[in-house]
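Computed from heavy atoms alone, side chains included, the values below leave out hydrogens, waters and symmetry copies. The sequence lines fix the lettering, A, B, ..., with proteins before strands; numbering per chain opens at 1.
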Number of protein chains: 2
Amino acid sequence: MRLVIARCSVDYAGRLSAHLPLATRLLMVKADGSLLVHSDGGSYKPLNWMSPPCTLTTHEPDDDQADAGITAVWKVTHSKTADQLVVNVHEVLHDSAHELGVDPGLIKDGVEAHLQKLLAENIGLLGDGHTLVRREYMTAIGPVDILARDAAGRSVAVELKRRGDIDGVEQLTRYLELMNRDPHLAPVAGVFAAQEIKPQARTLAEDRGIRCLVLDYDAMRGLDDTHSRLF
Amino acid sequence: MRLVIARCSVDYAGRLSAHLPLATRLLMVKADGSLLVHSDGGSYKPLNWMSPPCTLTTHEPDDDQADAGITAVWKVTHSKTADQLVVNVHEVLHDSAHELGVDPGLIKDGVEAHLQKLLAENIGLLGDGHTLVRREYMTAIGPVDILARDAAGRSVAVELKRRGDIDGVEQLTRYLELMNRDPHLAPVAGVFAAQEIKPQARTLAEDRGIRCLVLDYDAMRGLDDTHSRLF
DNA sequence: AAATTGATTTCGCTG
DNA sequence: CAGCGAAGTCAATTT
């Protein structure tokens, strides 16, 4: 990885055109040839970049460019799409290269899959006497996240989201409509479960007789015995 | 901006949990206190990060951590959500700080506007013998992107999108319905033109007798004589 | 301020 | 390999 701090301007020509005026920025050249242009603030997203596979070439400025104060021109060209990123370097304030090696990669925990696992393991959160039928219960239009039965033996279909939005309610509604046509399952009640349920989604769900359940991830992790992994 | 190359492991605890095993990485500390952990490959997305507003504190390792080879512990805490990123630094290979100043920010060129201009200038892409009536043809419910006439003199209304979605088809349908009531224009044919047309949108459009036209932005730019703007 | 929508989205899984 | 859904999405626009 090569790190360069430089005063530069940047032009991108690809699916759109974009321009960065002259300013001091970090240019990060990764081992795969990709280039990231970062400012000293904002989000984790670079101001501009070129994704691999791509190749970087450096050029001498022509006379006009030299007159404009440009000391070097970097061109990064995408190998497949011919998108091009052009960096006009005016002044280099820092330049260093580092050997990093391959990264073992991120281990994630706590996404929708994990929520599903936790709720399946604590199916009583749906209400007293509930029992799990199965996770990822397959229907003709896709898998329902969780199928359970309530204390009276009636089917309960659960749609799980990290963030409960209108879309999720629509999705569950489609499942319920289909499942309620199956005499083996009907009547099927719906539960919309999420860490956070937006007001609109709640309104729509309740209007359709779908129960809303806000999940407390930390509390559920507390019920789970493997919660001490990180600490 | 501070740039540190270090052998380190990273743990994140927030909306999800994530872990990065020991490896050599770039730690980028931005002026707003945010931290980015980058590997030497992959996309522009960091392996892990903490968005502003947040604060970074560094700590001495305790005895157990020192025995494990940790020389410093960085803790980055989000100011609002209490999300936390912990970096266990084993070895620092590079450490430098740089003054960058505020970035003037990215200037994007409009894409839909540019597409409209390009199609208007190459109206023959609609089919042989087509002529442009005008761009932004005004109707009671808003402007139609392009109004043209085919070789036989019949009206053609074009709705342009970068990404052709259901919404765009509905919009064009409304225009067509209205315009077909105008005896000066009727019959008006519809063309739904986009860089990318989603299958659902295509099905709906064709079901309504609307022609779909996929635009090749690069090819159109090639036809345009101003394509050399950047070079 | 909340909600909606697009993104040079990226990323991971499933068929 | 393509297609689809989720993301610690982010960011801009609209309501």
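- Heavy-atom minimum distance, B:D83 versus B:M50: O-CE, 3.5 Å.
- For A:L119 against A:A193, the heavy-atom pair with the smallest separation is CD2-CB, 4.5 Å.
- Nearest to the side chain of A:Y44, among D:dC10, C:dT9, D:dA6, sits D:dC10.
- Ring geometry for B:H38 versus A:H38: interplanar angle over 60°, hence perpendicular rather than tilted (30 to 60°).
- Phosphate proximity of C:dT9 to B:S43: absent, as no side-chain N or O sits under 4.0 Å from OP1 or OP2.
- A:D32 has its CG atom 15 Å from the C1' atom of C:dT10, to the nearest Å.
- Using cut-offs of 30° and 60° on the angle between ring planes, the pair A:W49 and B:Y44 is tilted.
- In this entry the distance linking CG of A:L47 with P of C:dT9 reads 18 Å, nearest Å.
- Counting non-hydrogen atoms under 4.0 angstrom, A:S51 reaches the backbone sugars and phosphates but no base.
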Taking only nitrogen or oxygen atoms into account, show me every contact under 3.5 Å that the protein makes with nucleotides 3-7 of chain C, one pair per line with its distance.
{"unit_1": "C:dT4", "atom_1": "OP1", "unit_2": "A:Q200", "atom_2": "OE1", "d": "2.4"}
{"unit_1": "C:dT4", "atom_1": "OP1", "unit_2": "A:Q200", "atom_2": "NE2", "d": "3.4"}
{"unit_1": "C:dA7", "atom_1": "OP1", "unit_2": "B:R162", "atom_2": "NE", "d": "2.9"}
{"unit_1": "C:dA7", "atom_1": "OP1", "unit_2": "B:R162", "atom_2": "NH2", "d": "3.3"}
{"unit_1": "C:dA7", "atom_1": "OP2", "unit_2": "B:R162", "atom_2": "NH2", "d": "2.6"}

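- To the nearest angstrom, P of D:dG5 lies 14 Å from CD of A:E170.
- Salt bridge present: B:E170 and B:R208 bring a charged side-chain N and a carboxylate O closer than 4.0 Å.
- Across every non-hydrogen atom of A:K30 and B:S43, the tightest pair is NZ-O, 3.4 Å.
- B:M50 comes within contact range of at least one nucleobase, with a heavy-atom separation under 4.0 Å.
- Using modelled atom types, no side-chain atom of A:N88 and backbone atom of A:I70 make a donor-acceptor pair closer than 3.5 Å.
- The NZ-C1' distance, from A:K80 to D:dC1, rounds to 12 Å in whole Å.
- In this structure, A:R202 places its CZ atom 17 Å from P of C:dA2, rounding to the nearest Å.
- Atom CG in B:L106 sits about 18 Å away from atom P in D:dC10, given to the nearest Å.
- Between the OH atom of A:Y175 and the C1' atom of D:dG5 there is a distance of 11 Å, given to the nearest Å.
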